[in-house]
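Step one of this worksheet: look at the structure below.
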Amino acid sequence: ILFSNCTEIEPNRDLKTECNSRLQSPVNIVTRKVLPDQRLAPLHFLRYRHAFHGNLSNNGHTVQLDLPPGMKIKGGNLSTTYTALQLHFHWGKDGGPGSEHTIDGESYPMEMHIVHIKEQYVSLSQALSDPEGVAVLGIFFQESNSANKKFEPLIKALKRIPRPSNKTTVRGISLQMFLPPPTDMRDYFRYLGSLTTPDCAQSVLWTLFENTVPLSRQQLSAFSQLRFPGGRPMVNTFRAVQPLNARQVYRSGSRIASSLSPALVISSVLMLYSV
Ligand SMILES: *[C@@H]1O[C@H](CO)[C@@H](O)[C@H](O)[C@H]1NC(C)=O
Ligand SMILES: *[C@@H]1O[C@H](CO)[C@@H](O)[C@H](O)[C@H]1NC(C)=O
Ligand SMILES: *[C@@H]1O[C@H](CO)[C@@H](O)[C@H](O)[C@H]1NC(C)=O
Ligand SMILES: *[C@@H]1O[C@H](CO)[C@@H](O)[C@H](O)[C@H]1NC(C)=O
Ligand SMILES: [Zn+2]
């Protein structure tokens with residue numbers, strides 16, 4: 001969930017930290033090694049269309065939007081319903097590489113995390129004691145030629161929170177506005193990992209959507225105008241990819257043949273004939 005790597009942030013942290021353990025996030029996803037699984041059906045998004053007023057803050061590490069209660073996810077092989085708490089972003093510098101996860105070694109300019117906890121828990125810290133207590137949805141952004149109008153209220157609000165601890169309210173937004181269209185949300189990757197900030201707790205079921213959200217270069221660059229404590233530009237707010245170790249990354253099973261790349265179709269045809 002955040003920033004450069006843990007050791008850099010707190011070099012003298014005690015030994016209880018999980019930052020050097022074996023189920024860390026983010027990771028690089030190697031698409032030829034992912035395993036499709038039919039159980040990874042489309043998620044259900046509850047109240048994601050509901051309009052709300054959200055508090056947006058520069059918390060010294062990132063931009064965070066606190067969410068009112070009631071927005072939830074279920075399905076998609078999640079063992080229970082999870083409640084959304086907040087969303088935040090990871091970015092590079094002026095639209096340069098900035099995502100935490102990478103796909104076949106490629107970074108995106110920005111990645112959004114919508115952080116959910118199992119509905120029976122009351123806080124993130126409580127959920128972190130459960131190895132699947134937290135479910136984070138990750139959305140990648142891609143540079144486009146035109147501005148994404150749905151993001152304008154949030155981009156405009158960034159100007160009001162240049163410094164750490166500044167807060168503002170963004171009115172009349174919904175989670176759906178920040179996501180690709182619902183039919184583009186069926187394709188995703190799933191793996192078990194960690195928070196990307198200290199103490200890097202290994203309690204996160206990650207869902208990373210394959211389809212991206214477009215933002216203009218100017219919109220992406222607006223995030224680089226924010227400041228860290230001490231006044232340095234808030235840029236490169238991502239942790240480096242961590243070893244996958246023994247983990248398997250899965251892919252949703254709802255993908256249809258027409259969405260396969262031509263190269264993949266050709267190679268499977270060749271395989272048929274060579275058997
Ligand atoms: C943390 O970052 C430093 C410098 O960027 C790098 O040398 C080190 O290998 C990184 N450690 C981990 C665990 O990623
Ligand atoms: C936003 O902040 C106000 C004032 O601090 C608070 O009453 C409200 O509950 C907050 N809303 C959310 C969604 O966190
Ligand atoms: C689906 O859920 C079951 C039960 O929690 C779990 O054992 C399995 O690994 C999950 N499969 C995927 C692909 O996430
Ligand atoms: C923003 O935060 C800084 C300190 O980080 C403070 O000096 C300034 O007054 C705040 N501005 C607003 C509008 O709250
Ligand atoms: Zn994050």
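Formation of a donor-acceptor pair under 3.5 Å by the H113 side chain with backbone atoms of L137 is not found in this model. When atom types are taken as modelled, the side chain of R190 and the backbone of G76 share a donor-acceptor pair closer than 3.5 angstrom. Between the side chain of S252 and the backbone N or O of Y188 there is at least one donor-acceptor pair closer than 3.5 Å. Listed for the Q202 side chain is a donor-acceptor partner under 3.5 Å among the backbone atoms of L23. Under the 3.5 Å distance criterion, the side-chain polar atoms of Q64 are left unmatched by any main-chain donor or acceptor of Q86. At least one donor-acceptor pair closer than 3.5 Å links the side chain of Q126 to the backbone N or O of V122. Counting only distance, with no hydrogens or angles, the side chain of T237 and the backbone of W91 share a donor-acceptor pair below 3.5 Å.
P153 has its side chain out of reach of R171: every pair of non-hydrogen atoms, C-beta onward, lies at least 4.5 Å apart. A 4.5 Å side-chain heavy-atom check between V241 and H101 finds every atom pair outside the cut-off. Using a 4.5 Å heavy-atom threshold, the side chains of Q176 and P182 count as touching. Counting heavy atoms from C-beta on, the side chains of Q225 and L158 never come closer than 4.5 Å. Within the 4.5 Å cutoff, the side chain of K93 has heavy atoms near those of the N236 side chain. In this structure, the side chains of F89 and L154 come closer than 4.5 Å at one or more pairs of heavy atoms. Residues H61 and T197 are not in side-chain contact: their nearest non-hydrogen atoms beyond the backbone lie 4.5 Å or more apart. The closest side-chain heavy-atom distance from H53 to T169 is below 4.5 Å.
Salt-bridge formation is not detected for the pair K74/E119: no Lys NZ or Arg NE/NH1/NH2 atom is positioned less than 4.0 Å from an Asp or Glu carboxylate oxygen.
In this structure, Q248 places its CD atom where more than 12 heavy-atom neighbours from other residues, nucleotides or ligands lie under 6.0 Å away. The local environment of CZ in R49 is sparse, with at most 12 non-hydrogen atoms from other residues, nucleotides or ligands closer than 6.0 Å. Environment of CG in D104: crowded, with over 12 heavy atoms of neighbouring residues, nucleotides or ligands closer than 6.0 Å. Taking a 6.0 Å sphere around CZ of R160, one finds it holds more than 12 heavy atoms contributed by other residues, nucleotides or ligands.
Nearest heavy-atom pair across S224 and D94 is OG-N, 2.8 Å. For V204 against L195, the heavy-atom pair with the smallest separation is CG2-N, 3.6 Å. Closest approach of S194 to R239, counting heavy atoms only: OG-NH1, 4.1 Å. When all heavy atoms of D184 and N211 are compared, the closest pair comes out as O-ND2, 2.8 Å. The shortest non-hydrogen separation linking V213 to L179 is CG2-C, 3.9 Å. Smallest separation of non-hydrogen atoms from S107 and G98: CB-N, 4.4 Å.
Side chains of S129 and Y121: a donor-acceptor N/O pair is absent below 3.5 angstrom, by distance only. Residues N77 and Y250 have side chains that never bring a donor and an acceptor to within less than 3.5 angstrom of each other. E18 and Q24 share no donor-acceptor pair across their side chains, judged by distance under 3.5 Å alone.
In the hydrophobic clustering of this structure, V30 does not group with W206; members are Ile, Leu, Val, Met, Phe, Trp, Tyr whose side-chain heavy atoms approach within less than 4.5 Å, directly or through other members. Clustering ILVMFWY residues whenever any of their side-chain heavy atoms sit less than 4.5 angstrom apart, transitively, puts M177 in a cluster other than the one holding L46. I155 and V235 fall into different hydrophobic clusters, where Ile, Leu, Val, Met, Phe, Trp and Tyr residues are linked whenever their side-chain heavy atoms come under 4.5 Å apart, directly or through other members.
Ring geometry for H116 versus Y48: interplanar angle under 30°, hence parallel rather than tilted (30 to 60°). Using bins of under 30°, 30° to 60° and over 60° for the plane-to-plane angle, the ring pair H90/H88 lands in the perpendicular bin. Between Y108 and F140, the two ring planes are parallel [angle under 30°; tilted spans 30° to 60°].
Atom CD1 in I161 sits 12.0 Å away from atom NZ in K159 (nearest 0.5 Å). Note that the CG atom of L65 and the CG atom of L56 stand 5.5 Å from one another [nearest 0.5 Å]. Rounding to the nearest 0.5 Å gives a distance of 11.5 Å between CG of N59 and CG of N166. Atoms CD and OG1, from E106 and T31 in turn, are 11.0 Å apart once rounded to the nearest 0.5 Å. Distance check, rounded to the nearest 0.5 Å: CD of Q219 to NZ of K156 gives 9.5 Å. The line from CG of L175 to NE2 of H50 is 10.0 Å long, rounded to the nearest 0.5 Å.
F189 pairs by the ring pair (Phe, Tyr, Trp, His ring centres under 6.0 Å) definition with nothing, not counting sequence neighbours.
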Evaluate L192 against E132 for side chain to side chain contact (heavy atoms under 4.5 Å, CB included), listing each step before the verdict. CA-CA 8 Å; L192 194 56; E132 294 187 4; 4.0 Å; yes
Test side chain to side chain contact (heavy atoms under 4.5 Å, CB included) applied to M234 and N58, step by step: CA-CA 10 Å; M234 188 178 275; N58 175 337; 3.4 Å; yes
For D130 and K118: C-alpha separation, side-chain torsions, deciding distance, then whether side chain to side chain contact (heavy atoms under 4.5 Å, CB included) applies. CA-CA 9 Å; D130 174 339; K118 278 186 182 171; 2.8 Å; yes
Pair R217-E143, salt bridge (Lys or Arg N to Asp or Glu O under 4.0 Å): steps then yes or no: CA-CA 6 Å; R217 184 85 176 186; E143 188 182 327; 3.0 Å; yes
What verdict does the side chain to side chain contact (heavy atoms under 4.5 Å, CB included) test give for L85 and L67, after you've listed the backbone C-alpha separation in whole Å, the side-chain angles of each residue and the deciding distance to 0.1 Å? CA-CA 5 Å; L85 294 182; L67 303 172; over 6 Å; no
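The aromatic ring centres of F151 and F178 sit less than 6.0 Å apart.
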